[in-house]
Every structure is written in structure tokens, then in C-alpha cells.
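The block underneath contains the structure these notes are about, expressed in C-alpha cells.
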Amino acid sequence: MEEKGGIRIQSREVLSENWFRLEKVTFDQRRADGSEQRLQREVYHNGPGAAVLPVDAERGTVLLVRQLRIPALVNGDGLMLIEACAGMVEKGDDPARTVLQEAEQEMGCRLQGLRKVLELYTSPGASAEKLHLFLARYTQDDRTGQGGGLAGEGEQIEVLEMPLGQAWAMVESGEIIDAKTVILLQHARLAGGGF
Ligand SMILES: Nc1nc2c(ncn2[C@@H]2O[C@H](COP(=O)(O)OP(=O)(O)O[C@H]3O[C@H](CO)[C@@H](O)[C@H](O)[C@@H]3O)[C@@H](O)[C@H]2O)c(=O)[nH]1
Ligand SMILES: [Mg+2]
């Protein structure tokens with residue numbers, strides 16, 4: 001197999017393919033001293049995804065969602081997480097379209113002035129997930145629906161509107177513990193409504 005930067009992939013085995021794919025990659029690594037090492041790493045393909053934080057600059061508020069997260073529950077962190085609205089980017093779709101659609105579905109909100117801020121690996125030691133993060137603007141008039149998500153897929157999403165300062169206080173108190181959400185709130189604070 002082809003070598004790239006001293007790494008030669010030997011095999012890729014699918015360990016599980018239920019919702020997302022989990023694979024085991026076996027590869028040879030050439031070390032700086034010229035010796036070779038055979039290694040294995042598991043990769044969980046739970047991505048790509050996209051998330052958006054809508055900000056009403058006039059009123060100084062943001063929209064967030066609160067929903068059941070089983071990984072947090074089994075980790076002992078309670079069952080509901082407060083997050084920026086997010087969704088998986090379906091094959092062939094693009095991240096901007098994903099967040100426009102998720103904002104309608106989960107928050108009942110139209111977005112204006114969508115602005116990409118970052119593309120991030122969220123847990124690169126084990127996960128291939130890359131998240132595309134956006135800020136957007138909204139006004140009260142853009143809140144045209146109930147949101148809530150897709151009941152048929154089990155979603156029961158609560159929409160939260162609060163001042164940006166209150167959301168940040170919830171980061172500091174440990175009530176908001178989702179990485180993409182903390183990063184987006186920090187970006188909104190740094191932008192000071194000027195985006
Ligand atoms: N049947 C089944 N359904 C699942 C499973 N895992 C997720 N789902 C369903 O798949 C849908 C996914 O909803 P999205 O809004 O597209 O994604 P998300 O769960 O918000 O995930 C987003 O945020 C995650 C957390 O930050 C990201 O990890 C992810 O990439 C994405 O951006 C939800 O209805 C959820 O219940 C599963 O193992 N089995
Ligand atoms: Mg979602």
C-alpha cells in the first residue's frame with residue numbers, strides 16, 4: 001500500500017456498522033530512527049456535522065436547544081444537554097444548507113447572515129467527526145415555528161432564548177458543557193454582535 005509521511009496503511013476492518021461506522025485501522029509507522037512499528041487505531045465515523053448559534057444583536061440574545069443526550073447520561077452527566085442547534089451533514093449535502101434546515105426543524109427559526117467561523121475535529125484521537133461551526137443573526141420575526149425536531153426520530157427539542165451573558169454564565173457554572181456550544185458562545189462574545 002502507498003506510504004504517506006512514514007505511515008503505510010495495512011488494512012481497514014469494519015468492526016461495526018449500525019448507525020455510524022466503527023473501523024479498525026492497522027498501519028506501519030516508520031519512526032524517526034528508521035525502525036518500523038505496527039499499530040492499530042479505532043476510528044468512529046460520526047460525522048461530518050454542522051452547528052449554528054443564532055444571535056439577535058439588537059436584543060443581545062441567543063437561541064440554544066436542550067435535548068436528550070444518551071452519551072452524557074451513560075457518562076453520569078445527566079440526561080439533557082444545552083447546545084447550539086446542530087445536525088449531521090448528509091452525504092452530498094453542504095454544511096450551510098444543513099444548519100439552515102436544522103434551525104427550521106429544531107428551533108422553528110429562519111437564519112440571516114449565516115457566517116462560517118470554524119471547521120474543527122472534535123475528538124481526533126478516536127473520531128473522524130469534523131464540525132462546521134456557524135454564527136447567524138435572527139430577529140423575533142424570524143421565529144416562525146415551534147421547532148422541536150423530528151418526533152418520528154424521537155427528538156423532543158426544547159428551544160431556549162436567553163441573553164448571551166446568561167449563556168456564558170451557564171458555561172462558567174458548568175450548566176453548558178458541550179464543546180461546540182462553548183466555542184460558538186465565545187466567538188459571539190468576541191464578535192460583540194459585529195458580524
Ligand atoms: N436509530 C438511531 N437513531 C440515531 C442514533 N444516533 C442518532 N440518531 C438520531 O439521528 C438524528 C440525528 O439528529 P441531527 O440533528 O442530525 O444530529 P445531532 O444528534 O444533533 O448531532 C449533531 O450534533 C452532534 C453532537 O454535537 C454531532 O456529534 C453530530 O455530528 C451533529 O453535528 C436524531 O434524530 C437522533 O435521534 C442511533 O444510534 N440510532
Ligand atoms: Mg440536532
Side-chain angles (χ1 to χ4, degrees), residues 14-24 41-55 62-111 114-136 138 142-162 167-168 170-171 174-188:
V14 176
L15 297 179
S16 148
E17 194 160 24
N18 186 29
W19 184 253
F20 295 119
R21 189 171 80 256
L22 176 65
E23 70 174 337
K24 184 166 77 182
R41 292 291 180 269
E42 289 181 12
V43 179
Y44 194 50
H45 291 272
N46 57 324
V52 63
L53 180 71
V55 180
V62 294
L63 289 180
L64 295 167
V65 291
R66 191 165 173 271
Q67 65 195 305
L68 174 67
R69 287 303 194 186
I70 294 297
L73 174 65
V74 299
N75 225 13
D77 275 319
L79 58 163
M80 307 297 274
L81 288 192
I82 298 173
E83 301 176 36
C85 167
M88 297 176 293
V89 180
E90 304 293 342
K91 247 198 168 68
D93 207 349
D94 82 85
R97 228 182 16 229
T98 299
V99 291
L100 290 170
Q101 192 182 325
E102 294 292 333
E104 293 269 4
Q105 261 172 26
E106 296 189 352
M107 303 190 294
C109 186
R110 275 188 317 240
L111 302 179
L114 195 62
R115 190 190 115 194
K116 175 89 163 268
V117 291
L118 289 170
E119 276 180 30
L120 297 173
Y121 275 95
T122 51
S123 186
S127 159
E129 178 182 81
K130 198 173 185 185
L131 272 191
H132 301 254
L133 301 186
F134 295 84
L135 288 175
Y138 79 99
D142 294 313
R143 301 191 62 188
T144 53
Q146 291 293 311
L150 301 174
E153 293 193 12
E155 293 180 331
Q156 295 193 78
I157 294 174
E158 186 188 343
V159 187
L160 305 178
E161 184 177 48
M162 66 183 79
W168 189 253
M170 291 172 86
V171 172
E175 287 164 273
I176 293 180
I177 54 172
D178 171 58
K180 64 178 179 295
T181 309
V182 175
I183 292 164
L184 279 169
L185 288 170
Q186 185 68 288
H187 259 271

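Counting starts at 1 for both ligands and their atoms, in listed order.
- Rounded to the nearest 0.5 angstrom, K180 NZ and L133 CG are separated by 9.0 Å.
- Within the structure, the closest approach of L131 to ligand 1 falls below 4.0 Å when heavy atoms are considered.
- For the residues G47, A151, G87, the heavy atom positioned nearest atom 32 (O) of ligand 1 is part of G87.
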Exercise for the section: Determine, stepwise, if the pair L64 / M170 fulfils side chain to side chain contact (heavy atoms under 4.5 Å, CB included). Expected result: CA-CA 12 Å; L64 295 167; M170 291 172 86; 5.9 Å; no
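- By the neighbour-count criterion of 12 heavy atoms within 6.0 Å, atom CD of Q156 is sparsely surrounded, having that number or fewer from other residues, nucleotides or ligands.
- The minimum heavy-atom distance between L131 and A50, with the atom names listed, is CD2-N, 3.9 Å.
- Heavy atoms of Q105 stay at 4.0 angstrom or farther from ligand 1.
- If you check which protein heavy atom lies closest to atom 30 (O) of ligand 1, you get E129 OE2, 2.6 Å.
- Distances from atom 24 (C) of ligand 1 to the heavy atoms of Q67, R69, M88 show the closest one on R69.
- Atom-to-atom distance recorded for L53:CG and I183:CD1 is 12.0 Å, nearest 0.5 angstrom.
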Residues 99-111 side chain polar contacts: donor-acceptor under 3.5 Å, at least two apart:
unit_1 : atom_1 : unit_2 : atom_2 : d
R110   : NE     : D142   : OD1    : 3.3
R110   : NH2    : D141   : O      : 3.2
R110   : NH2    : D142   : OD1    : 3.2

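- Scanning all protein heavy atoms for the shortest distance to atom 33 (C) of ligand 1 gives E155 OE2, 3.3 Å.
- Residues satisfying the side chain to side chain donor-acceptor pair (under 3.5 Å) test with S127, not counting sequence neighbours, are N46.
- Taking CD of E129 as the reference point, atom CG of L120 lies at 10.0 Å (rounded to 0.5 Å).
- Taking NE2 from H187 and CG from L184, the interatomic distance works out to 7.5 Å, rounded to the nearest 0.5 Å.
- Those atoms of ligand 1 with a heavy atom of N46 less than 4.0 angstrom away are 30 (O).
- Nearest to atom 6 (N) of ligand 1 among the protein's heavy atoms is W19 NE1, 3.2 Å.
- Less than 4.0 angstrom separates some heavy atom of K180 from each of these atoms of ligand 1: 25 (C), 26 (O).
- Heavy atoms of A50 approach ligand 1 to within less than 4.0 angstrom.
- Expressed to the nearest 0.5 Å, how far CD1 of I70 lies from CG of L73 amounts to 5.0 Å.
- Listed by first and then second residue, the side chain to side chain donor-acceptor pair (under 3.5 Å) pairs that reach into residues 67-81 are R69-E83, sequence neighbours excluded.
- The number of protein N, O or S atoms lying under 2.8 Å from the Mg ion (ligand 2) is 2.
- The distance from ligand 1 to the heavy atoms of E106 drops below 4.0 Å at these ligand atoms: 15 (O).
- Nearest protein heavy-atom contact of atom 36 (O) of ligand 1 is E153 O, 3.5 Å.
- The only member of L68, T181, I177, V65 that meets side chain to side chain contact (heavy atoms under 4.5 Å, CB included) when paired with L81 is I177.
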